[in-house]
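Structure first, commentary second.
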Amino acid sequence: MGRFDGRVAIVTGAAQGIGAAIARRLADEGAQVGVIDLTAERAQGTADEIVKAGGAAIAVGADVSKTADVQAAVAAVAGEFGHVDILVNNAGITRDNLLFKMTDEDWDTVVTVNLRSAFLMSRECQKHFVAQKYGKIVSLSSRSARGNRGQANYAASKAGIMGLTSTLAIELGPFGVNVNAVAPGYIATAMTDATAKRVGFAPEDFQKASAEATPVRRVGTPEDIAAVVAFLAADESSFVSGQTIHVNGGADR
Ligand code: NAP
């Protein structure tokens with residue numbers, strides 16, 4: 001028996017990194033997974049891994065910041081598996097720059113991809129959740145929501161995820177829907193490798209410095225985040241709602 005036997009999950013931005021680890025974890029524990037990324041080709045690798053390991057998954061291409069793409073993607077997953085029970089809003093990007101150099105486009109792109117996408121996906125999935133009186137939404141915030149040099153756009157979008165989460169928890173709780181967020185610290189992925197390069201470090205040196213500044217003396221892995229997302233997506237946490245869980249090895253700043 002897996003915690004997600006009979007459940008259908010959607011994970012956005014699941015071609016790589018944290019999203020791929022979440023998709024694999026939910027599938028390992030029995031969920032049928034809609035693996036969403038910008039193109040179906042990019043999402044297919046994760047779906048193939050899940051199927052190879054004995055699970056069930058489909059790859060769906062969608063830009064989750066666009067309403068029509070979101071509607072089509074949720075319909076595709078519901079059409080394939082019959083229902084939708086769990087939504088993980090994971091897709092996210094950075095366009096870092098200090099405020100005086102940050103363009104309108106840097107701001108709009110990050111807020112649209114990181115925050116509007118979670119609004120659109122949640123609005124679309126709640127139709128299923130409210131009708132069946134069951135649903136779980138887990139969205140990816142970030143430690144950067146507390147402020148991070150060069151990330152005004154990203155930090156604002158991730159703080160927005162916290163506000164969205166606490167509000168949706170109030171609105172959807174009476175319909176059997178739990179809404180929570182996870183705020184990772186430094187997790188070794190393509191995103192943090194790119195940040196390292198932007199500030200002039202080799203990714204391994206950047207990781208080493210971050211590990212030294214972290215009480216548990218290591219950086220996080222995508223699997224560290226997947227474990228907490230799985231807890232929040234499972235029925236054992238059904239009295240937890242409206243929360244943002246910080247997963248950062250104790251590195252609060
Ligand atoms: P990642 O390796 O860059 O993966 C993000 C995935 O999202 C990529 O596959 C990307 O596709 C996809 N994506 C981007 N825009 C999309 C869109 N509009 N529609 C659909 N998919 C889209 O990032 P990650 O490090 O795994 O991060 C995952 C989440 O955790 C993000 O929300 C991030 O902000 C958050 N987070 C990460 C860290 C960390 O340390 N890594 C810390 C805190 C929070 P392309 O590659 O094709 O663009």
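When a ligand or atom number is given, it counts from 1 through the structure's own listing order.
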Would you say ligand 1 has an N or O under 3.5 Å from any N or O of [X]?
| X | value |
| --- | --- |
| Gly185 | yes |
| Ile93 | no |
| Asp63 | yes |
| Ile187 | yes |
| Arg143 | no |
| Ser65 | no |
| Leu140 | no |
| Thr189 | yes |
| Asp37 | yes |
| Lys158 | yes |

Under 4.0 Å to a heavy atom of [X] - the qualifying atoms of ligand 1, by number:
| X | value |
| --- | --- |
| Arg42 | 9 (O), 11 (O), 45 (P), 46 (O), 47 (O) |
| Thr192 | 39 (C), 40 (O), 41 (N) |
| Gly17 | 26 (O) |
| Asn90 | 28 (C), 29 (C), 30 (O), 31 (C), 32 (O) |
| Val113 | 15 (N), 18 (N) |
| Ala91 | 7 (O), 21 (N), 22 (C), 32 (O) |

If you count the non-hydrogen atoms of other residues, nucleotides and ligands that lie under 6.0 Å from [atom1] in [X], is the total more than 12?
| X | atom1 | value |
| --- | --- | --- |
| Leu99 | CG | no |
| Phe231 | CZ | yes |
| Asp5 | CG | yes |
| Arg198 | CZ | yes |

Looking at side-chain heavy atoms only, is the closest gap between Val111 and Arg116 below 4.5 Å?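 Result no, sub-4.5 Å side-chain heavy-atom pair not found.
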Note, Asn178 side chain near Ser237 side chain (heavy atom, < 4.5 Å):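 A side-chain contact under 4.5 Å is absent here.
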Heavy-atom distance to [atom]: which of [options] wins?
| atom | options | result |
| --- | --- | --- |
| atom 26 (O) of ligand 1 | Val110, Ile225, Ile18, Ile36 | Ile18 |
| atom 19 (N) of ligand 1 | Val64, Asp69, Val247, Asn148 | Val64 |
| atom 7 (O) of ligand 1 | Ala190, Gly13, Ser117, Ala15 | Gly13 |

Below a 4.0 angstrom heavy-atom separation, can you tell me which part of Ala62, side chain or backbone, both or neither, approaches ligand 1?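 Backbone only.
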Part of Leu38 within contact of ligand 1 (heavy atoms, under 4.0 Å):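 Answer for Leu38: both.
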Residue of the set Val70, Thr112, Asp69 for which side chain to side chain contact (heavy atoms under 4.5 Å, CB included) holds with Leu120: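 Exactly one option meets the side chain to side chain contact (heavy atoms under 4.5 Å, CB included) with Leu120, and it is Val70.
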Looking at Ile161, Ile225, Asn114, Thr12, which hits side chain to side chain contact (heavy atoms under 4.5 Å, CB included) with Leu140?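 With Leu140 as partner, side chain to side chain contact (heavy atoms under 4.5 Å, CB included) holds for just one option, Ile225.
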Considering heavy atoms of the protein only, find what lies nearest to [atom] and give residue, atom and distance to 0.1 Å.
| atom | value |
| --- | --- |
| atom 5 (C) of ligand 1 | Gly92 O, 3.9 Å |
| atom 4 (O) of ligand 1 | Gln16 NE2, 3.5 Å |
| atom 33 (C) of ligand 1 | Tyr154 OH, 3.4 Å |

With hydrophobic residues grouped by side-chain heavy-atom distances under 4.5 Å, do [X] and [Y] end up in a single group?
| X | Y | answer |
| --- | --- | --- |
| Val229 | Leu87 | no |
| Val8 | Ile22 | no |
| Leu26 | Ile187 | yes |
| Ile86 | Leu168 | no |
| Val11 | Val138 | yes |

Against ligand 1, does [X] come closer than 4.0 Å with any heavy atom?
| X | answer |
| --- | --- |
| Ser141 | yes |
| Thr12 | no |
| Pro222 | no |

Heavy-atom pair with the smallest gap, counting every atom of Ala57 and Ile50: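 In this case the closest contact between Ala57 and Ile50 is CB-CG2, 3.8 Å.
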If the threshold is 4.0 Å, N to carboxylate O, is there a salt bridge linking Arg25 and Glu29?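 Salt bridge flag = yes for Glu29 with Arg25.
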Sort and list the pairs that fulfil salt bridge (Lys or Arg N to Asp or Glu O under 4.0 Å) and have at least one residue in residues 231-246, not counting sequence neighbours.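 Salt bridge (Lys or Arg N to Asp or Glu O under 4.0 Å) check on residues 231-246 returns Arg3-Glu236, Arg7-Asp235, Lys136-Asp235.
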